[in-house]
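These figures come from a predicted structure and were not determined experimentally. Side-chain atoms are counted along with the backbone in the values below, which use heavy atoms only and exclude waters and symmetry mates.
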Amino acid sequence: MKITKANGKVEYALIENLKKRAGETDEKIVDIVRNIINGVKENGDEAVLEYTVRFDGGLPKKFVVEKEELLEYLDNADEAFKTAITNAKNNIYDFHLRQAQQSWMTTQENGVIMGQRVRGLKRVGIYVPGGTAAYPSSVLMNAVPAKIAGVEEIIMVTPPGKNGKPDPNIMAAAAVAGVDKVFMVGGAQAVAALAYGTEKIPKVDKIVGPGNIFVATAKRLLYGIVDIDMVAGPSEILIVADKTADPSFLAADLMSQAEHDVLASAILLTTSTDLARSTLHEIEKQIKHLERQTIIEQSLENYGEIIVCETLEQAISFANELAPEHLELCISEPLKYIGKIDNAGSVFLGNWSPEPLGDYYAGPNHVLPTSGTARFFSPLSVDSFIKKSSFIYYTCAELRKAKDDIITLAESEGLTAHANSIKVRFD
């Protein structure tokens, strides 16, 4: 991981390098996933099971886990884990409850009624990785806002472990989050099954949750058949720090994201050269004791950098240009700058608000836009699981008042049948 000085060029060259990670998906992978999707569409559960054997090496010992069984997993969970997952769920619920929208209606003295109806989607599918990438926290982050939105049924898919059984912590988290049913299947075949429905797996309205390149590609190809949350890229953290920051904290936070993936990016912007050097020293010291050392080293070497900026304003300007997934402000007065952050998935203020706090516990969602898409995308929220319908009621007298304007506008667009729909009511 190198230290460079911001000069108006080096930092923007870094952005171009990071963009390469989110390049076009290999056409071979697209072809494989497209074949899987078509197979599931045509042959349903038979294809799902066939692909499961082919890619996972065998069938799960149990294909479906019902809600009652999920509660048993929760009862049998380690007490410390049970307490932690319940506390995290409560924090997530409390934060997202404030996002809930209400239907509304207005009535006017002339008899006109207009409004908007807000309601949850009927059925949502949640993809949860299994095996070595088992994330109970993702279950909470995806299911809790869906429940608040009023989703009628939450279906979860997750691949079983090598022993053919589900991850017990994921099952316990599903119980806490209110998941209705779990199917032990993963990969592109699980996404296709949720999108089209099979004999056993019900068709859903939206698919959310992280996955590998095959899962992400399937979601991208099936968007339009079904709604999706987003196609997430590699994880990112950008830290802005001044001389008051603790280099041991900065090093730990950078590596907490670098351990996700060799394509993850971890960048530090600081106004202090001494802090930059101390942070690099801390990385070299701490990395020796971390299990995913090799992944972290590759990530930091290829997509990590420490950039020394002249001012905090310069650093903030670059942060807005990069639009990172996670942004930490490890500076003496972080609240002073929150209003200047325009593009970031989630912002962590001060030295005692590290990124893992948001990943697991604080309440805001950890499903965030990546690869610069925070310029126009938002975190997963209750809004992600609702749909809206507007409604209009006019009286004859009010339509009569408006008819000439409507006819004029319709005819200006050459849509005479639209105009006629109004005219015929008053001929």
Side-chain angles (χ1 to χ4, degrees), residues 62 65-100 124 126-149 151 153-161 163 165-182 184 208-210 235 237 249 252-253 255-257 259-260 286 289-292 326 328 346-368 379-382 385:
K62 193 167 189 178
V65 181
E66 301 287 350
K67 198 164 189 174
E68 296 75 16
E69 296 172 87
L70 293 176
L71 294 173
E72 291 179 13
Y73 277 103
L74 181 59
D75 289 339
N76 296 327
D78 174 80
E79 286 301 321
F81 176 82
K82 192 187 302 186
T83 298
I85 202 75
T86 301
N87 289 340
K89 181 257 183 181
N90 290 339
N91 291 341
I92 295 165
Y93 184 91
D94 184 64
F95 179 87
H96 288 81
L97 188 61
R98 290 165 169 75
Q99 299 174 343
V124 166
I126 297 177
Y127 189 97
V128 178
T132 57
Y135 301 130
S137 59
S138 285
V139 180
L140 301 184
M141 293 292 182
N142 285 280
V144 170
K147 294 294 287 187
I148 293 171
V151 172
E153 187 178 15
I154 300 177
I155 303 297
M156 193 172 93
V157 293
T158 184
N163 60 1
K165 297 179 180 180
D167 182 283
N169 287 342
I170 287 179
M171 296 297 106
V176 169
V179 171
D180 294 290
K181 189 177 291 188
V182 179
M184 302 307 302
V208 299
S235 190
I237 187 169
F249 292 2
D253 293 357
M255 292 189 291
S256 75
Q257 288 307 292
E259 77 169 342
H260 271 297
Q286 294 180 30
H289 307 288
L290 300 175
E291 291 183 6
R292 298 169 74 88
H326 307 100
E328 288 188 7
S346 191
V347 183
F348 301 80
L349 301 168
N351 294 303
W352 303 102
S353 305
E355 189 278 336
L357 174 66
D359 266 354
Y360 295 109
Y361 199 77
N365 210 286
H366 76 198
V367 181
L368 304 167
L380 193 75
S381 69
V382 173
F385 298 98

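- Residue Lys181 holds its NZ atom at 13.5 Å from CE of Met156, rounded to the nearest 0.5 Å.
- In this structure, Gln257 contributes its side chain and Ile237 its backbone to no donor-acceptor pair below 3.5 Å.
- Using a 4.5 Å heavy-atom threshold, the side chains of Val139 and Val179 count as touching.
- Under the side-chain hydrogen bond (donor to acceptor under 3.5 Å, both in side chains) criterion, the residue pairs touching residues 356-368 are His96-Asn365, Ser138-His366, with sequence neighbours excluded.
- Residue Tyr135 holds its OH atom at 12.0 Å from OG1 of Thr158, rounded to the nearest 0.5 Å.
- The backbone N or O of Ile154 sits less than 3.5 Å from a side-chain atom of Asp180, completing a donor-acceptor pair.
- Identified under the side-chain hydrogen bond (donor to acceptor under 3.5 Å, both in side chains) test for residues 83-94, with sequence neighbours left out: Asp94-Arg98.
- No donor-acceptor distance shorter than 3.5 angstrom exists from the side chain of Glu355 to the backbone of Glu328, with no hydrogens or angles considered.
- Using a 4.5 Å cut-off on side-chain heavy atoms (C-beta onward), Phe249 and Pro354 make no contact.
- The heavy-atom pair separating Gly130 from Pro159 by the smallest distance is N-CG, 3.5 Å.
- Put simply, NE2 on His326 and CG on Leu368 are 5.0 Å apart, with the number rounded to the nearest 0.5 Å.
- Residues satisfying the side-chain hydrogen bond (donor to acceptor under 3.5 Å, both in side chains) test with Glu79, not counting sequence neighbours, are Lys82.
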- Determine, stepwise, if the pair Glu259 / Leu290 fulfils side-chain contact (heavy atoms from CB on, under 4.5 Å). CA-CA 9 Å; Glu259 77 169 342; Leu290 300 175; 5.9 Å; no
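- Here the CD1 atom belonging to Ile85 is positioned 8.0 Å from the CG atom belonging to Asn169, to the nearest 0.5 angstrom.
- In Lys67, the NZ atom is crowded: over 12 heavy atoms of neighbouring residues, nucleotides or ligands sit closer than 6.0 Å.
- Asp253 places none of its side-chain heavy atoms less than 4.5 Å from the side chain of Phe348.
- Separating the CE atom in Met171 from the CE atom in Met184 is a distance of 5.0 Å, to the nearest 0.5 Å.
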